[in-house]
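What follows is a set of notes on a single structure, which appears directly below.
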Amino acid sequence: MAQGHKFQDLEETGEALVGFINSSQPDKLKGLKDEHQALFDQHTETAKIVTQILKDLAQIEENAGQRLLDMEQEKMRREKELESLEEQLRQCTAKSQITDSELQFLQKELESLRNAENELEILQSEVEEDTTEVIPSAVYVAQVYYLITKIKWEYDTPANILKGVHYGADLATPINIDTTSRSRIDVSDQLWGFVSTEW
């Protein structure tokens, strides 16, 4: 049914264009062409912005994940050192075989490790807060774009390749367009052809 509407729209558009030509109204034709070009330019710019946002998002996620992993490993290492020092301190205290200066040194080392662990926990908390604030906003933009177009893009492709999948009501259609072999208008028309006109 939607395809029938498309044919009807195409027919009406063709009739309108013929009418414009027959009535010798080049200004209206130019205006129509300018509007079409403006729509294409806006779509292209939107696609670039969303692509950049999602690439930045992927980089942020990767960096944040690696940073959290590194901090977790560092925290575990420090916890082991802390446990080892505490055990050494207990043994030395129980046996009374160490001097006061050695005991003070171990206590200072223990306190230093505890302080370092606290600083690491604070830093880890700050990274998690930053990740919580930055990532959802970019995800929201990407989700809005997907809800409008129903196109899920792949972002690890060469700059001249548009690749993804359009999830229609009944069919998932793969998209693989080499923008160097086709005009911008052809690419725009194909992509807009996926977008449903039923709201």
Side-chain angles (χ1 to χ4, degrees), residues 1-21 25-70 127-199:
M1 184 169 181
Q3 190 173 6
H5 284 304
K6 288 182 180 179
F7 285 128
Q8 184 178 354
D9 292 344
L10 182 60
E11 185 177 308
E12 291 175 356
T13 302
E15 291 174 358
L17 286 172
V18 171
F20 281 140
I21 293 170
Q25 295 180 350
D27 290 341
K28 290 185 178 179
L29 286 174
K30 186 177 184 305
L32 184 63
K33 181 180 178 183
D34 291 344
E35 288 178 8
H36 188 273
Q37 184 62 41
L39 182 62
F40 172 79
D41 291 342
Q42 184 178 5
H43 169 74
T44 302
E45 187 61 27
T46 301
K48 286 180 181 178
I49 291 171
V50 171
T51 298
Q52 188 58 48
I53 288 173
L54 292 176
K55 285 182 178 177
D56 292 345
L57 168 63
Q59 189 62 47
I60 289 171
E61 288 178 332
E62 182 180 348
N63 292 343
Q66 186 60 48
R67 194 171 175 189
L68 287 171
L69 180 62
D70 292 343
V127 170
E128 289 173 350
E129 287 176 7
D130 291 343
T131 303
T132 302
E133 291 174 3
V134 172
I135 291 178
S137 62
V139 170
Y140 174 77
V141 172
Q143 288 174 343
V144 169
Y145 187 74
Y146 170 76
L147 289 174
I148 293 172
T149 64
K150 302 298 184 190
I151 296 174
K152 184 174 182 181
W153 294 106
E154 294 182 19
Y155 299 100
D156 56 350
T157 59
N160 63 309
I161 300 296
L162 293 177
K163 191 171 184 181
V165 179
H166 173 260
Y167 294 95
D170 302 317
L171 182 67
T173 306
I175 300 170
N176 191 349
I177 303 172
D178 184 352
T179 58
T180 60
S181 63
R182 299 178 57 182
S183 72
R184 296 171 62 186
I185 291 177
D186 286 343
V187 173
S188 176
D189 288 345
Q190 181 176 347
L191 293 177
W192 279 110
F194 289 117
V195 179
S196 174
T197 57
E198 297 180 3
W199 296 93

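For residues 151-167, the set of pairs meeting the salt bridge (Lys or Arg N to Asp or Glu O under 4.0 Å) definition, not counting sequence neighbours, is empty. Residue pairs meeting the ring-ring contact (aromatic ring centres under 6.0 Å, His included) criterion with at least one partner in residues 46-66, sequence neighbours excluded, are absent.
In this view, Q59 and E62, N63 satisfy the side chain to side chain contact (heavy atoms under 4.5 Å, CB included) rule, not counting sequence neighbours. L171 meets the side chain to side chain contact (heavy atoms under 4.5 Å, CB included) test with T173; sequence neighbours excluded. Partners of N160 by side chain to side chain contact (heavy atoms under 4.5 Å, CB included), not counting sequence neighbours, listed by chain and number: P158, D178, T179, T180. Partners of A159 by side chain to side chain contact (heavy atoms under 4.5 Å, CB included), not counting sequence neighbours: none found. Under the side chain to side chain donor-acceptor pair (under 3.5 Å) criterion, E45 pairs with no residue at all, not counting sequence neighbours. By the side chain to side chain donor-acceptor pair (under 3.5 Å) test, Q52 is found to be paired with D56, residues two or more places apart in sequence or in another chain being considered. Under the rule for a side chain to side chain donor-acceptor pair (under 3.5 Å), N176 has no partner lying at least two apart in sequence or in another chain. Checked against side chain to side chain donor-acceptor pair (under 3.5 Å), Q190 has the following partners two or more places apart in sequence or in another chain: R182.
The CD1 atom of I151 lies 5.5 Å from the CG atom of L191; values are rounded to the nearest 0.5 Å. Going from atom CD1 of I185 over to atom OG1 of T44 covers 10.0 Å, rounded to the nearest 0.5 Å. Going from atom CG of L54 over to atom CD of E61 covers 9.5 Å, rounded to the nearest 0.5 Å.
The nearest pair of heavy atoms linking T149 to H166 is O-CD2, 3.2 Å.
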